[in-house]
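First comes the structure, then the notes that go with it.
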Amino acid sequence: MLDMKFIRENYELVKKAISNKNEKTDLKKILELDKRKRELQFKFDKMRAEQNNVSKQIPGLKKAKKDTTEIVAQMKVISNKIKNVLADLSNLNEELDTKLLGIPNIPYKDVPIGDESNNKFVREWGEKKQFNYNPAGHLDLIEKNKLLDIKRATKISGSGFVGYIGKGARLERALINFMLDFHIKKHAYEEVSLPILVNRQTMTGTGQLPKLEDDMYHVNEDDLFLVPTAEVSVTNFYAKEILPYEKLPQKFISYSPCFRREAGSYGKETKGLQRIHQFNKVEMVRFVKPEISYNILEEMVNDAEDILQALGLHYRVVTLATGDLSFASAKTYDIEVWAPGAEKYLEVSSISNFEDFQARRASIRFRNENGKVEFVHTLNGSGLATPRTFIALIETYQNENGSISIPKVLQPYLSNKKIL
RNA sequence: GGAGAGGUGACCGAGUUGGUUGAAGGUGUGCGCCUGCUAAGCGUAUGUAGGAGAAAUCUUACCGAGGGUUCGAAUCCCUCCCUCUCCGCCA
């Protein structure tokens, strides 16, 4: 959420940012509502002040045995007027809040403007692995090595769901454990494991609601949502809190299943593991002081890259252009890993700085050195999502006979075997 | 699921015959003083958010959340959430 005062004072900037993000909001209307709200608030405050003042005198008058019937009658009239103003005010507030929640975050100043095609290449690591035969795609490898049983998963849950079996299940779990251990030991993250069913307020705090309600799985009975990423539970874990200065920065790592309805995205890229309704992910989340958040963003990209380097997978890093940025993000890097069978780069990590956008919504603050209360900056990034990492891994480490070699760092998690 | 108790400021804890209580007292913390010494004492300050104002300052809201009664509610009523204890249920 943006600060209303900021919008008031930076109208053009905000307007531009919204259009750069391909979002639509009636900013004029918001300004108008804000103005009316403040006028009404002022009126209300004055009336209430009078009421408070007179009410305070009544006990004294009574003690002095004076007749209060007239003054009480007068106050009754005022009281009714106040009730009406208050009703208008709270309607106005609600309308304004709803509108404010619909305004996206403002892209950071160095974010390229434009749609996806303006995403900016930052760097790459390693190179595309060369094969002296035609490398198989992950679907063939999965079938040959019996790593997943997608048909049966579809039977029990429907299309877009997959089931890891046997060696495939072990490999996926090895990936998760390796990534968690790696971040904990090498990057000093603290592990947390939180609920994956969360309430409406939590979903609103990180910006998934109200905009993306259709993309979420929802349990009607209890009005709970399945998280699309651990970011939601971990970030909101500190909602409505004021963190002491010494507590910052905070860095958390959390494994969780992620649920996305992916409504309307049938067709392309839906085969196999590329786009599924439920997948596993290891997520990094940070709460930091505002002045260092962009340094931390770079650090987190490196943290995610370290995983791919340890796995020996070629990748590239890109900066997302404004039109490709998510609703809540101010700046996002994507990491795309090379899948030699599919012959393309697959997005395995998205690392974003939300500045104080989420902190405002969820009210996550801290006390700075001077004791003043400020909003923290929140950041998060995948480190990493397993399905596409899995694809790149088996495609990169396949052998001509169809078997799959195990990268060194994963071997301890797979009985020290070298071949899966 | 049933019965009971309860949710107050950084923390502990008063306040339920409704009325200068944003909230006693204590702890903690900041500042000052005093004290010749690891400590103690004294004084003083110490919530968050919004609005008006150039500023000083004034003002409003907030005692789990939301409604209601009332001239006036932390205090009364209703709904919901959460915590604790006992019973039941499931393992």
Side-chain angles (χ1 to χ4, degrees), chain A residues 1-9 30-101 103 194-195 197-205 209 218-225 233 236-248 250 287 290 356-376:
Chain A
M1 180 148 61
L2 299 181
D3 184 13
M4 190 60 232
K5 203 178 256 168
F6 181 85
I7 298 175
R8 228 180 279 149
E9 289 162 7
I30 288 178
L31 279 188
E32 202 183 294
L33 285 172
D34 172 58
K35 186 156 177 255
R36 258 169 53 204
K37 178 203 145 167
R38 279 180 304 148
E39 283 167 3
L40 209 57
Q41 177 79 50
F42 188 59
K43 191 171 161 192
F44 171 79
D45 283 356
K46 281 201 304 200
M47 290 169 93
R48 191 30 89 69
E50 188 195 345
Q51 185 187 40
N52 285 343
N53 189 29
V54 176
S55 284
K56 271 181 202 165
Q57 294 168 13
I58 292 181
L61 293 174
K62 279 191 171 169
K63 256 184 207 147
K65 302 261 189 235
K66 292 199 173 142
D67 183 25
T68 55
T69 48
E70 187 168 335
I71 196 164
V72 167
Q74 273 172 25
M75 289 318 288
K76 191 167 184 130
V77 176
I78 291 177
S79 173
N80 279 327
K81 275 188 192 161
I82 288 178
K83 247 172 222 166
N84 289 333
V85 174
L86 188 60
D88 289 350
L89 189 60
S90 61
N91 284 337
L92 210 51
N93 267 327
E94 201 174 313
E95 195 181 346
L96 186 60
D97 281 349
T98 308
K99 287 235 160 40
L100 277 176
L101 284 175
I103 298 187
L194 306 182
L197 272 171
V198 300
N199 59 32
R200 191 169 280 277
Q201 191 171 41
T202 299
M203 276 298 203
T204 308
L209 292 183
H218 181 237
V219 181
N220 249 325
E221 187 98 320
D222 303 290
D223 198 23
L224 293 175
F225 296 84
S233 359
N236 283 286
F237 207 47
Y238 287 93
K240 294 181 196 155
E241 293 193 28
I242 298 175
L243 304 169
Y245 185 71
E246 321 78 66
K247 270 252 190 176
L248 290 182
Q250 294 263 45
F287 300 97
D356 63 6
F357 188 82
Q358 294 181 327
R360 272 178 200 287
R361 292 177 157 240
S363 187
I364 309 167
R365 295 172 292 174
F366 76 105
R367 219 169 268 285
N368 68 20
E369 292 151 292
N370 306 319
K372 278 269 179 204
V373 175
E374 274 187 71
F375 286 105
V376 300

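Below, read A as the first sequence line, B as the second, and so on, with proteins coming before strands; counting in each chain starts at 1.
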Could you work out the separation of [N] and [M] based on their [atom1] atoms and round it to a whole Å?
N     : M     : atom1 : answer
B/A5  : B/U48 : C1'   : 30 Å
B/C12 : B/A73 : C1'   : 25 Å
B/G13 : B/A65 : C1'   : 23 Å
B/A10 : B/G64 : P     : 13 Å
B/U46 : B/U35 : P     : 27 Å
B/U16 : B/C77 : P     : 14 Å
B/A74 : B/U60 : P     : 14 Å
B/G47 : B/U79 : C1'   : 29 Å

Could you identify the nucleotide paired to [N], looking across every strand shown and requiring Watson-Crick or G-U wobble geometry with both distances under 3.5 Å?
N     : result
B/U48 : B/A61
B/A24 : none
B/G18 : none
B/A39 : none
B/G4  : B/C84
B/U69 : none
B/C89 : none
B/A54 : none

Rounded distance in Å - CD (A/Gln201) to C1' (B/C82) =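 Spelled out: CD on A/Gln201 to C1' on B/C82 is 13 Å.
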For [Y], does its backbone N or O pair with a side-chain atom of [X] as donor and acceptor, under 3.5 Å?
X        : Y        : value
A/Arg361 : A/Thr204 : yes
A/Ser363 : A/Ala239 : no
A/Thr202 : A/Val198 : no

Between [Y] and [X], is there a side-chain heavy-atom distance shorter than 4.5 Å?
X        : Y        : value
A/Leu243 : A/Arg365 : no
A/Ile103 : A/Met1   : no
A/Glu95  : A/Lys99  : yes
A/Met75  : A/Ile78  : yes
A/Val373 : A/Phe366 : no

Contact state string [nucleotides 47-57 of chain B, B base, S sugar-phosphate only, - no protein heavy atom under 4.0 Å] = -SSBSS-----
Readout for nucleotides 61-80 of chain B: B = base within 4.0 Å of protein heavy atom, S = sugar-phosphate only, - = neither; 5' to 3' it is S-------S-BS--------
Check the angle between the aromatic planes of A/Tyr238 and A/Phe287 and answer parallel, tilted or perpendicular using the 30° and 60° thresholds.
-> perpendicular
A/Arg8: salt bridge (charged side-chain N to carboxylate O under 4.0 Å, His left out) partners, not counting sequence neighbours | A/Asp34
